[in-house]
Amino acid sequence: MTPRFGVWAAVHGSRGALQDPDEPFDASWTRNKHLVLEAEALGYDSVLIAQHTANPYDDEWDQLETWSAAAALAALTSRIEIIAAIKPPLYHPVILAKMAQQIEHISQGRFAINLVNAWNRAEYEKAGIPFAEHDERYAYGREWVGIVEALLRGERVSFKGRYFDVSEFQLRPVDFFRARPLIYVGGESAPAQELVAAHGDVWFINGQPLENVEALIASVRAQPRASAPLRFGLSAFVIARQTARAAQEAYEHLLNLAMKDAEIRARQRQNTDPAVVMKHTHAYSKTPVIGTNGGTFAGLVGNYDEVAARIDAFHQAGIDVFMLQFQPFEAEMRRFAAEIFPRVKAAARVAAA
Ligand SMILES: Cc1cc2nc3c(=O)[nH]c(=O)nc-3n(C[C@H](O)[C@H](O)[C@H](O)COP(=O)(O)O)c2cc1C
């Protein structure tokens, strides 16, 4: 099987340097609509729409709303998988399951949720929503996703736990396309691993080197699991060029631009729960990281053959889906489709022969 490729929607603007003349700030619906339609036409398999209610860098800046955008994209596209992120305390599980069920129908079986348990304290606290400590957020998320999953399967659900009391609730219509929409989980900590093994279909890993990814996959595979084998996704920021030298220059260019963001990043750090594993993962990188969720730490910086070979190595280690960031997004997304897709397909053909 060849790996699948997805793109992160531009929900809060650029993913690398925030103030880039080659990618003026744009988190609008119009930009995202064109970006996703083009991604689909180029052959990308998935789009991930991250969830933030206010822009996490600066609340004066625009922010795309995930679930209404997911519904609209479901209606406009025909093939690409639409993955919408969700932080459990923001929606009651019955309401969220109903929304997910509706988007599954609009998309005709192409919808998925990405369960994330949050890092941005300000997003909750400014709204007056309690921001529980790290493991408590996971305990809540675990009850929450159990209810969502059963409702999406069409079950009549009665559940009484620490956080929820649901009795005899059932959602209709049933899923005509498959058992239920897919459940992705983003998060690396021990409770994230337990949660995905118990309730997830695909585990999203932050971008990082192959040996870390291999260890994380082995760790999750050792967790008890009742359902079909778990699949794995990797987030990565790509800088692919004709030559390794040109890629290194592009990386340095973005790094220089990113220096302008020092103050914004410092504010963001203050809002970040220090218990979140993602923040520590970045810190192990010997070179500065461009992008979010691991970004360039995944090592997809190099000439076209190098980038394709690294993708192949991650794929051999168990990564099915690569969730990609670029900058400037649209131009680099096109380049990746033109240069890397055929190389990866050729490698898969050789492996299959
Ligand atoms: C692929 C991926 C996507 C994510 N998307 C979001 C998101 O949309 N919104 C958000 O607030 N956090 C997002 N996160 C960050 C998670 O909230 C954070 O990693 C996690 O909850 C912290 O838990 P951990 O300590 O288990 O890593 C994402 C993480 C990953 C790996």
Side-chain angles (χ1 to χ4, degrees), residues 6-36 38-39 47-66 69 85 116 118-123 126 206-207 235-241 245-273 276 278-279 281-283 285-302 307 323-336:
V7 293
W8 287 73
V11 294
H12 46 48
S14 303
R15 282 274 161 192
L18 301 174
Q19 304 167 75
D20 179 356
D22 294 330
E23 186 176 61
F25 179 83
D26 192 351
S28 65
W29 159 246
T30 305
R31 189 238 179 137
N32 277 285
K33 177 178 73 175
H34 291 306
L35 190 156
V36 175
E38 184 173 7
V47 56
L48 173 60
I49 315 173
Q51 189 191 32
H52 303 275
T53 311
N55 192 301
Y57 301 112
D58 188 332
D59 64 7
E60 290 290 333
W61 297 355
D62 296 352
Q63 174 68 42
L64 188 79
E65 200 288 307
T66 302
V116 292
W119 53 268
N120 184 1
R121 191 176 281 278
E123 180 182 19
K126 283 186 169 180
N206 292 304
S235 173
F237 189 107
V238 178
I239 305 178
R241 294 291 185 277
R245 191 192 164 109
Q248 184 61 24
E249 281 167 10
Y251 165 79
E252 279 159 22
H253 170 69
L254 284 175
L255 211 54
N256 282 332
L257 281 174
M259 281 181 195
K260 290 199 232 165
D261 304 330
E263 211 177 292
I264 300 167
R265 299 274 181 205
R267 228 181 311 136
Q268 192 200 5
R269 268 196 298 279
Q270 277 175 358
N271 285 332
T272 302
D273 174 5
V276 163
M278 171 176 69
K279 298 292 153 185
T281 307
H282 268 232
S285 176
K286 288 195 193 81
T287 49
V289 167
I290 301 277
T292 68
N293 302 87
T296 51
F297 194 25
L300 300 189
V301 178
V307 169
M323 197 49 67
L324 304 175
Q325 305 175 359
F326 307 100
Q327 189 161 334
F329 208 104
E330 287 81 350
E332 292 304 317
M333 171 176 88
R334 280 172 214 134
R335 183 203 298 271
F336 188 92

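In what follows, residues are counted from 1 in the order of the sequence shown.
Residue pairs meeting the salt bridge (Lys or Arg N to Asp or Glu O under 4.0 Å) criterion with at least one member in residues 16-31, sequence neighbours excluded, are E23-R31, R31-E330.
Residues T296 and P288 have side chains not in contact (no heavy-atom distance under 4.5 Å, counting atoms from C-beta outward). Considering only heavy atoms from C-beta on, Q51 stays 4.5 Å or farther from V116 through its side chain. Residues F326 and V7 have side chains in contact (heavy-atom distance under 4.5 Å, counting atoms from C-beta outward). Inter-residue side-chain proximity for E123 and P56 is flagged as unmet; no heavy-atom pair is nearer than 4.5 Å.
Take W61 and apply the ring-ring contact (aromatic ring centres under 6.0 Å, His included) test, not counting sequence neighbours, and it matches F25.
Taken from OG1 in T53 to CG in D59, the straight-line distance is 12.0 Å, to the nearest 0.5 Å. Atom CZ of R15 is separated from atom CG of L254 by 14.5 Å, given to the nearest 0.5 angstrom. Going from atom CG of D261 over to atom CZ of R267 covers 10.5 Å, rounded to the nearest 0.5 Å. The distance from atom OH of Y251 to atom CZ of R241, rounded to the nearest 0.5 Å, is 14.0 Å. Remark: T272 OG1 to R265 CZ distance equals 10.5 Å, nearest 0.5 Å. Note that CG of L324 is 5.0 Å distant from CZ of F336, once rounded to the nearest 0.5 Å.
K126 NZ: 12 or fewer foreign heavy atoms inside a 6.0 Å radius. At most 12 heavy atoms of other shown residues, nucleotides or ligands fall within 6.0 angstrom of atom CZ in R245.
Listed for the N271 side chain is no donor-acceptor partner under 3.5 Å among the backbone atoms of R121. Judged purely by atom type and a 3.5 angstrom limit, E332 has no side-chain atom pairing as donor or acceptor with the backbone of V238.
Between A250 and I239, the shortest heavy-atom distance links the atoms CB-CG2, 3.6 Å. Taking every heavy atom of both residues into account, M323 and L48 meet most closely at SD-CB, 3.6 Å. Residue A240 comes nearest to V307 through the heavy atom pair CB-CG2, 4.0 Å, listed as atom of the first residue, atom of the second, then distance. Summarising the geometry of D62 relative to A27, their closest heavy-atom pair is O-CB, 3.8 Å, with the distance given to 0.1 Å. Looking at every heavy atom in both residues, Q327 comes nearest to S14 through OE1-CB, 3.5 Å. The two residues Q63 and V11 have their closest heavy-atom pair at NE2-O, 3.3 Å.
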task: Carefully, step by step, assess W29 and L64 under the rule side-chain contact (heavy atoms from CB on, under 4.5 Å).
output: CA-CA 7 Å; W29 159 246; L64 188 79; 4.1 Å; yes
Would you sort out whether L257 and H253 count as a side-chain contact (heavy atoms from CB on, under 4.5 Å), showing the intermediate values? CA-CA 6 Å; L257 281 174; H253 170 69; 3.6 Å; yes
